[in-house]
Number of protein chains: 2
Amino acid sequence: METAHNPHLNHLLEALLKADYDRLFPNLEFIEMPLGQVLCESGDKLKHVYFPTTSIVSLLYVMENGASAEIAVVGNEGILGVPILLGGDSTPSRAVVQSAGYGYRMKALLLKNEFNQAGQLQRLLLRYTQALITQMAQTAVCNRHHSVEQQLCRWLLLSIDRLSGNELCMTQELIANMLGVRREGVTEAAGALQQLGLINYHRGHITVLDRKGLEAKSCECYQVVKNEFDRLLPALRV
Amino acid sequence: METAHNPHLNHLLEALLKADYDRLFPNLEFIEMPLGQVLCESGDKLKHVYFPTTSIVSLLYVMENGASAEIAVVGNEGILGVPILLGGDSTPSRAVVQSAGYGYRMKALLLKNEFNQAGQLQRLLLRYTQALITQMAQTAVCNRHHSVEQQLCRWLLLSIDRLSGNELCMTQELIANMLGVRREGVTEAAGALQQLGLINYHRGHITVLDRKGLEAKSCECYQVVKNEFDRLLPALRV
DNA sequence: CTCACTATGCACGCCAGCGTACAGACTTTG
DNA sequence: CAAAGTCTGTACGCTGGCGTGCATAGTGAG
C-alpha cells in the first residue's frame, strides 16, 4: 500500500490544506509511542490528540469483569481524539498503543478551536469520524457472526494496512485481548493460517506472506471497512 | 422516564435554541412511520433526515449471507441521518422502522446547511453523534461477551426508554433479527424473563412488568449507554 | 365455524469457543 | 551455562447458541 515508510507521515495531516497544516505544524510534537502505553483511560478527559505515524492505537472497551474487546484501530490514516471534536471530551473506551512507533500529538484545545472554525479541516475530520463509525459498526457485526479465524484475518489486514511493511510485533496473548477471545483460540487460528502458508508466526513476530490469501480467508468485514475509508477519504489513498 | 406521550415530541428538536427551532419548523413534515418501513437502504444517499417521535428506528447491517445485526437504535431522543452531517451522505447500514409510530422528516440538504453554520445546532448534533458512537461500541462489546438473555434485557430497556409506555409490539422473530440470533434463542430467553415475572409476552405484545428487575438481569452495557446519553445530552433528560 | 396463517414452544444433535491445566520451546538474565 | 521468565502448542470436558424439523395455540378471513 505505502511505499517508503516515512516515520513522519500521517495521512490525515497530509490531507489538510497547506494553510491549515502550516498553522498547526508548530504545535505538533513528534513523540515516541511505546507498546502498551495507555494514551487515554476510560472516562478520562483527553488533554492531547494524537496523529500516529508508525504506531497503531487500539480503542478498547474493558468490562467490569476484566474482559475486553477492541472496537476500532487508529493508525497513520487517522487521529485519536474524536470525542474532543464531538464535544463529549471523554469516552468509555481506553486507548492503548498496540504497535510501537511514533506519532504527533498536540494540545486538544488547539485542535478543537481549529475544528470549530468549520472549514476544510472540520469537514475532513468529520469524514474521518464517519469512517471510524463504520469500523465500529462492522466490528459489532463481525463479533456476532464470524469465526475467530475470520476475525484474525480481518484484524491482521487492518493492522498491516496501517504499517509500512508486512510484519507485526504482537504476541498471541495481545491479539486475543484485542479480539476479545481466548489466547488458545488465536493460537489455533494462527496455526491454521501458517499451515496454509499465509503467515509466518514466531514468538511475537508475524509476517504476512500472502496478502491476497488472507483477504480470501477473511470475512467481508475487512473490505467493507476499507471501501468506506477509501470512499470517505480519497485524499488518503497513497 | 417520560410523562404524557406527546406524539409530536422529539427531544433533540426540543433542545434546540428557539431561533433555530423556529427556522427549522416550517420545513418539518409530520409523517407516519409504519412497522418495517425501510427509511434507508445500505449505501443509499439519504434524501431526508428523520426525527422519530413515537417510532423507533433500527440501524442494521445485513451481511452477504443474509444474516443481520442491529448496531444502534434511534427514537425520540435522536435523529436518523448522521452520515449527512458527517459528509459521507450514505452508510453501509440499513435503517428500518422497528416500532411503528410517527416522526418528523426534513430535506437532508436543509439540515446540512444549518449544521454547517457551526452554531449550537451543530454542537448539539455532534454530541448526539458521540452518544450514537457509544451505543455502537457497546453493541460490539455486548455481541462478543454477553448471553442472549442479557442482550434481550438491554434491548428491551433501550426500546422502552424510547417509548412512553411499558409495552412493545414486536414478534420474537423480529427481535431475533435485531439481535442477530436465532428466533428460538429469543423464545427461550423471553420465556425465562416471563417466568421471573419481569415481562409479559403474548403474540407480539411485550409488557415490561418489572423494570428494575430487567436492569438487574441485563448486562452493564445498558447502563453504560444510558449514562453516556445522559452525560452528553443533559438537555434531553425529561 | 372452519380454514389458513402467524406466533410461539419444544426437542435433537452438532460445533465453536470457553475454562483449565500443563508441556515444550525459545529468550533473557545473572 | 543455568535459571527464570515468556511465548506457543496441545488436550479435555463443558456449554451456549446454531440448524433443523415439527407441534401447538392463538388470530383473522371467509
Side-chain angles (χ1 to χ4, degrees), chain A residues 35-36 63 65-70 98-100 140-156 167-196 199-207 217 219, chain B residues 35-36 63 65-70 98-100 140-156 167-196 199-207 217 219:
Chain A
L35 178 64
M63 314 201 31
N65 64 13
S68 65
E70 182 184 84
Q98 173 210 109
S99 179
V141 176
C142 201
N143 279 350
R144 158 71 52 218
H145 290 292
H146 297 139
S147 69
V148 171
E149 186 173 315
Q150 288 177 306
Q151 293 185 49
L152 177 60
C153 292
R154 168 180 65 86
W155 190 90
L156 286 172
E167 196 179 337
L168 271 170
C169 290
M170 176 80 35
T171 66
Q172 299 185 347
E173 180 87 43
L174 274 175
I175 297 181
N177 283 339
M178 303 292 171
L179 296 181
V181 300
R182 279 188 324 156
R183 198 262 310 158
E184 288 85 343
V186 175
T187 300
E188 207 168 339
L193 297 179
Q194 186 153 22
Q195 207 74 35
L196 291 168
I199 64 171
N200 198 311
Y201 212 126
H202 183 66
R203 289 185 75 75
H205 292 261
I206 317 171
T207 314
K217 269 275 167 194
C219 46
Chain B
L35 178 64
M63 315 200 31
N65 66 13
S68 64
E70 183 183 84
Q98 173 210 110
S99 179
V141 176
C142 200
N143 279 350
R144 159 71 51 219
H145 291 291
H146 297 138
S147 69
V148 172
E149 186 173 315
Q150 288 176 305
Q151 293 186 49
L152 177 60
C153 292
R154 167 180 65 87
W155 190 90
L156 287 172
E167 196 181 334
L168 270 170
C169 291
M170 178 77 38
T171 65
Q172 299 186 346
E173 180 87 43
L174 275 175
I175 296 180
N177 283 339
M178 303 294 170
L179 296 181
V181 300
R182 278 189 325 156
R183 198 258 314 155
E184 288 85 343
V186 175
T187 300
E188 208 169 338
L193 297 180
Q194 186 153 20
Q195 207 75 35
L196 292 169
I199 65 171
N200 197 311
Y201 211 125
H202 183 66
R203 289 184 75 76
H205 292 261
I206 317 170
T207 314
K217 269 275 167 194
C219 46

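Note: hydrogens, waters and symmetry copies are ignored here, and every other heavy atom, side chains too, is used. Per chain, numbering begins at 1; letters A, B, ... match sequence-line order.
Shortest non-hydrogen contact noted between B:Gln98 and B:Glu70 is NE2-OE2, 3.1 Å. Heavy atoms only, all atoms of each residue included: B:Val148 and B:Ala189 are closest at CG1-CB, 4.2 Å.
To the nearest angstrom, P of D:dT8 lies 10 Å from NE2 of A:His205. Distance, A:Asn143 CG to D:dG17 C1': 16 Å, rounded to whole Å.
Toward the 5′ end of DNA chain C lies the nearest nucleotide of B:Gly204, the other residue of the pair A:Ser147 and B:Gly204 mapping further downstream. Residue-to-nucleotide proximity on DNA chain D shows that, of A:Thr171 and A:Arg144, the 5′-proximal contact is made by A:Thr171. Heavy-atom nearest nucleotides on DNA chain D were determined for A:Glu173 and for B:Glu149, and the one closer to the 5' end corresponds to A:Glu173.
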Nucleotide-resolved protein contact map, nucleotides 23-30 of chain D, B/S/- at heavy-atom distance under 4.0 Å:
--BBS---
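Taking OG1 of A:Thr207 as the start and CG of A:Leu156 as the end, the distance is 11.0 Å to the nearest 0.5 Å. Interatomic distance, SG of A:Cys169 versus CG of A:Leu174, reported as 11.0 Å (0.5 Å rounding). Here the CG-CD1 distance, from B:Leu193 to B:Ile199, works out to 4.5 Å after rounding to the nearest 0.5 Å. With rounding to the nearest 0.5 Å, the separation of CG in B:Leu35 from OG in B:Ser99 is 7.5 Å.
Side chain of A:Asn143 to backbone of B:Asn143: no donor-acceptor contact under 3.5 angstrom is found. The main-chain N or O of B:Ser68 is found under 3.5 Å from a side-chain atom of A:His145 such that the two form a donor-acceptor pair. Looking at B:Gln151, its side chain does come within 3.5 Å of a backbone N or O of B:His146 through a donor-acceptor pair.
Taken residue by residue, residues 177-191 of chain A places heavy atoms nearer than 4.0 Å to DNA chain D at A:Arg183, A:Glu184, A:Thr187.
Pairs passing the side-chain hydrogen bond (donor to acceptor under 3.5 Å, both in side chains) check and including a residue from residues 169-179 of chain B, sequence neighbours excluded, read B:Gln172-B:Thr187. Counting only residues at least two apart or on different chains, the salt bridge (Lys or Arg N to Asp or Glu O under 4.0 Å) pairs with a member in residues 142-154 of chain A are A:Glu149-A:Lys217.
Contact annotation: A:Gln194 does not reach the phosphate of D:dT8 (side-chain N/O to OP1 or OP2, under 4.0 Å).
Within a 6.0 Å sphere centred on CD of A:Glu188, other residues, nucleotides and ligands contribute 12 heavy atoms or fewer.
Residues A:Gln150 and A:Trp155 are not in side-chain contact: their nearest non-hydrogen atoms beyond the backbone lie 4.5 Å or more apart.
Think of the region where chain A sits on DNA chain C: with heavy atoms and a 4.0 Å cut, that region ends 5' and 3' at C:dG17 to C:dT27.
End-to-end axis angle for the helix from C:dC1-D:dG30 to C:dG30-D:dC1, using five pairs per end and rounding to 10°, comes out at 30°.
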